[in-house]
Amino acid sequence: DGGITQSPKYLFRKEGQNVTLSCEQNLNHDAMYWYRQDPGQGLRLIYYSQIVNDFQKGDIAEGYSVSREKKESFPLTVTSAQKNPTAFYLCASSPRAGVPLNTEAFFGQGTRLTVV
Amino acid sequence: KQEVTQIPAALSVPEGENLVLNCSFTDSAIYNLQWFRQDPGKGLTSLLLIQSSQREQTSGRLNASLDKSSGRSTLYIAASQPGDSATYLCAVKAAGNKLTFGGGTRVLVKP
């Protein structure tokens with residue numbers, strides 16, 4: 001089935017450690033996104049990528065890094081520089097705008113990161 | 001910078017009543033607007049997508065309108081059911097494929 005997969009579902013990090021969240025899609029979408037959601041809040045954009053080997057900072061990129069070496073994959077690394085990383089992280093993908101049909105964005109089921 | 005606002009932040013209605021959820025955005029230069037549903041601890045499920053050239057979209061009990069010039073969209077859910085209880089989010093796609101979300105409206109439908 002086509003879709004977008006995030007792993008792991010739950011992740012625990014010790015202070016000072018870097019962790020990487022996985023996001024894979026088989027929808028042949030060009031654009032991919034990472035969002036952070038805090039309890040009772042909306043989604044805030046961390047990074048997004050329009051095409052392979054290209055990505056842009058979102059509104060809260062500090063303390064995070066990404067790569068886009070393959071169309072299917074857009075991993076997010078939460079570095080030790082991110083002072084408050086405990087949150088729910090959501091990955092999304094969509095066709096690039098300008099594609100005439102079906103520019104709908106699809107989301108994974110999220111990864112809940114907790115600092116212990 | 002595009003800003004998306006959803007009012008109210010929370011809404012409680014008795015079963016059977018129609019729901020009206022509002023979304024406003026500051027920059028009308030958008031490609032599309034999408035409404036999502038989120039259940040607690042889950043990802044987002046797409047409900048409706050409205051292209052910038054469209055005025056409305058319908059799917060079952062859901063109807064979404066778009067007035068791009070005034071920067072507003074409204075999601076109507078007819079004859080609400082307890083299963084409609086969730087958080088509803090709107091998002092706009094604009095230049096550079098950036099997808100910007102509102103803060104969401106948390107809906108409770110009481111039996």
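Residue numbers start from 1 in every chain, and the chains themselves are labelled A, B, ... in the order their sequence lines are given, proteins ahead of strands.
Most heavy-atom pairs under 4.5 Å with chain A, from the set B:G41, B:A91, B:A9, B:A10: that is B:G41.
Taken together through direct or relayed side-chain contacts under 4.5 Å among Ile, Leu, Val, Met, Phe, Trp and Tyr, B:L62 and B:L19 form part of one hydrophobic cluster. The hydrophobic clustering, which links ILVMFWY residues whose side-chain heavy atoms are closer than 4.5 Å, places B:I50 and B:L21 together. Cluster membership check: A:L45 does not share its hydrophobic cluster with B:L33, using side-chain heavy-atom separations under 4.5 Å among Ile, Leu, Val, Met, Phe, Trp and Tyr. Both A:I46 and A:F74 sit in one connected hydrophobic cluster of ILVMFWY residues. Membership requires side-chain heavy atoms under 4.5 Å apart, directly or through other members. Residue A:Y64 is grouped with residue A:W34 when hydrophobic side chains (ILVMFWY) are merged at heavy-atom distances under 4.5 angstrom, including chains of intermediate members.
For B:L89, the part sitting under 4.5 Å from any heavy atom of chain A is the side chain, from C-beta outward, and nothing else. B:Q38 touches chain A through its side chain: at least one heavy atom from C-beta onward sits under 4.5 Å away, while N, CA, C and O do not. With a 4.5 angstrom heavy-atom cutoff, A:Q37 touches chain B only via side-chain atoms.
The shortest distance between side-chain heavy atoms of B:N97 and A:D30 does not fall below 4.5 Å.
Heavy atoms only, all atoms of each residue included: B:K93 and A:S94 are closest at NZ-OG, 2.7 Å.
Note: A:L43 CG to B:L99 CG = 9.0 Å, rounded to the nearest 0.5 Å.
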Query raised in the report: What's the verdict on side chain to side chain contact (heavy atoms under 4.5 Å, CB included) for B:K98 and A:Q56, showing C-alpha distance, side-chain angles and the deciding distance?
Result: CA-CA 9 Å; B:K98 191 174 181 182; A:Q56 288 82 41; over 6 Å; no
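Atom NZ of B:K42 has 12 or fewer heavy atoms from other residues, nucleotides or ligands within 6.0 Å. Within 6.0 Å of CZ in A:R13 there are more than 12 heavy atoms belonging to other residues, nucleotides or ligands.
Centroid-to-centroid, the aromatic rings of A:F107 and B:F101 come within less than 6.0 Å.
Between the B:Q34 side chain and the A:A105 main chain, a donor and an acceptor come within less than 3.5 Å of each other.
Taking non-hydrogen atoms and a 4.5 Å limit, the residue list of residues 108-116 of chain A in contact with chain B, ordered by number, reads A:G108, A:Q109, A:R112.
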